[in-house]
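For reference, the structure discussed in these notes is given below.
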Amino acid sequence: MKYDFNRIIDRRNTRSYKWDQSEKLFGDKDILPLWVADMDFESPPAVKEAILRRVQEGIYGYSVTSDSYKSAIAGWYRRRHDWEIQKEWITDSPGIVTSLSLSVELFSNPGDQVILQSPVYYPFYDVIRMNDRKVAINPLKLEDGHYVMDYEQLEELMSGGARMLLLCSPHNPGGRVWERAELLRLGELCLRYGVTVISDEIHCDLALPGHKHIPFASLSKELSDITLTTLAATKTFNLPGLQTSYIVTSNPELRRKFEYKLKALSLHMSAFFAPEAVEAAYNEGGEWLDQLIQHISSNAEYAISYLAEHLPQVKPMRPEATYLLWVNCRELGLDPEGLKKLMYREAKVAFNEGSIFGTEGQGHLRINLACPRSILTEALERFTRAAAPYVK
């Protein structure tokens with residue numbers, strides 16, 4: 001391949017959130033970190049070149065976005081996702097979680113129920129509770145080795161008064177790519193009960209071979225008008241440190257309220273480096289992404305096979321998207337603290353412990369596959385060796 005995703009890059013002592021906090025967070029500086037969702041790969045060369053050109057300007061003043069930036073975003077979704085986005089639908093935001101939190105605050109009322117589908121990305125719980133709303137849990141069901149939606153229980157929540165849904169698409173941590181029929185059935189319920197959908201689609205570009213992400217808002221004009229989609233290039237091209245994202249909504253009232261709040265918080269100014277990086281990524285990063293997906297898919301197959309051979313008591317959920325592997329470890333008989341002890345003290349690895357994704361995630365681990373194969377191999381070797389005494 002043109003890009004070497006197996007090259008080891010030493011990220012220690014770079015102020016890395018992932019690599020430079022092992023002793024502080026887990027009690028040992030030698031722990032191998034495969035937890036927080038950033039990648040151990042350089043971003044596409046075009047991104048680095050765009051940032052360097054911006055650096056060389058030498059004056060880092062207040063900035064505005066350009067028309068070419070929004071054109072790059074719109075062009076990307078047209079080419080990669082068959083979604084026609086108007087440039088005026090796009091509004092920048094500092095981050096996905098910021099967008100989720102503002103949306104909960106703006107489009108629901110204190111005390112309202114907000115639906116999430118657990119287990120799910122843990123900030124979903126925070127943005128509901130910390131905005132004085134109530135978490136309405138619609139647990140996902142396990143069928144044929146992957147998660148599916150419980151539409152009957154979902155309708156009960158909606159008929160009981162829940163008027164907002166935080167949708168995770170593709171799903172994190174389960175790696176599901178929701179199919180068109182699933183999303184249409186969900187959308188029919190939302191339209192029937194007047195539910196606003198805040199759709200987190202940050203992993204949309206990371207559908208693995210054989211699967212295609214469908215933007216929820218692209219399904220129909222009616223669904224587009226009840227949806228605010230949170231998006232970013234950060235997961236796709238490993239840019240999370242640039243603190244850049246955007247929302248897309250065709251509904252002018254949702255957009256007006258969102259933009260007004262951003263201005264009230266003085267979050268409406270353009271970042272200095274991010275637009276150039278995003279524009280370069282979307283215009284020139286397609287080949288890099290295609291090869292990245294091949295590497296992640298290969299790592300997923302390797303990890304699933306390795307665990308089946310060396311620790312068959314744990315059951316990975318085969319991902320359809322993301323670079324995250326969701327692993328059921330309940331047969332080890334460990335509670336959350338026991339799993340942490342196994343990881344941090346005995347195996348010297350850091351995966352995500354599953355209970356942070358909700359009660360339904362207890363007994364699970366989330367493993368970040370976006371690393372060179374040698375790092376993944378070492379992590380799996382450490383974990384399976386340390387877990388062997390727990391096998392009954």
Side-chain angles (χ1 to χ4, degrees), residues 3 5 9 11 14-19 33-51 54 63 65 69-70 72-77 80-81 85 90-103 121-124 127 166 168-173 175 198-207 213 215 228-248 262 267 269-286 288-290 292-293 295-296 321-324 352 366 368-371:
Y3 302 102
F5 295 105
I9 301 172
R11 299 182 63 194
T14 63
R15 295 196 293 114
S16 167
Y17 189 84
K18 180 179 180 181
W19 283 87
L34 284 79
W35 60 289
V36 68
D38 73 1
M39 299 189 259
D40 292 324
F41 314 128
E42 285 193 351
S43 296
V47 170
K48 184 176 180 179
E49 292 163 8
I51 293 174
R54 191 71 162 146
S63 303
T65 55
Y69 164 71
K70 290 190 174 183
I73 293 172
W76 179 262
Y77 286 95
R80 305 288 293 207
H81 301 291
I85 296 174
I90 302 168
T91 299
D92 271 6
S93 172
I96 293 289
V97 177
T98 301
S99 295
L100 294 174
S101 185
L102 289 178
S103 296
Y121 181 50
Y122 48 90
F124 277 34
V127 300
L166 300 187
C168 194
S169 179
H171 183 259
N172 171 16
I198 311 303
S199 189
D200 174 5
E201 302 188 16
I202 192 172
H203 291 279
C204 67
D205 297 318
L206 296 168
H213 172 77
L228 184 147
T229 307
T230 68
L231 295 159
T234 52
K235 286 290 183 286
T236 308
F237 298 105
N238 205 27
L239 310 174
L242 293 183
Q243 295 291 297
T244 177
S245 80
Y246 48 94
I247 63 101
V248 173
L262 284 177
L267 297 175
M269 298 293 290
S270 175
F272 190 84
F273 294 107
E276 277 72 18
V278 171
E279 186 173 337
Y282 283 154
N283 287 339
E284 303 177 64
W288 181 93
L289 175 60
D290 292 339
L292 168 74
I293 289 172
H295 177 80
I296 291 168
T322 79
Y323 49 77
L324 308 166
N352 285 110
R366 192 189 77 169
N368 185 339
L369 301 170
C371 59

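Predicted model only: the values in this text are computed from it and were never measured.
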side-chain hydrogen bond (donor to acceptor under 3.5 Å, both in side chains) partners of S199, counting only residues at least two apart
E201
Where do R54 and S63 come nearest, in terms of heavy atoms and distance?
NH2-OG, 3.2 Å
Which heavy atom in T229 sits nearest to a heavy atom in L231, and how many Å separate them?
CG2-CG, 3.7 Å
Any ion pair linking D290 and R80 (charged N to carboxylate O, less than 4.0 Å)?
yes
Should the pair R11-D40 be classified as a salt bridge under the 4.0 Å nitrogen-to-oxygen rule?
yes
Check D205, T236, N283 against W76 for a side chain to side chain donor-acceptor pair (under 3.5 Å) and give me the one that passes.
D205
Is it the case that the side chains of N352 and Y122 hold a donor-acceptor pair, with the cut-off being a distance below 3.5 Å and no angle test?
no
Looking just at side-chain N and O atoms, do T230 and S99 make a donor-acceptor pair shorter than 3.5 Å?
no
Going by heavy atoms in the side chains, are [X] and [Y] under 4.5 Å from each other?
X    : Y    : answer
F41  : I9   : no
P123 : L100 : no
N172 : D200 : no

Give me the ring orientation class for F5 and Y3: parallel if the planes are under 30° apart, tilted from 30 to 60°, perpendicular past 60°.
tilted
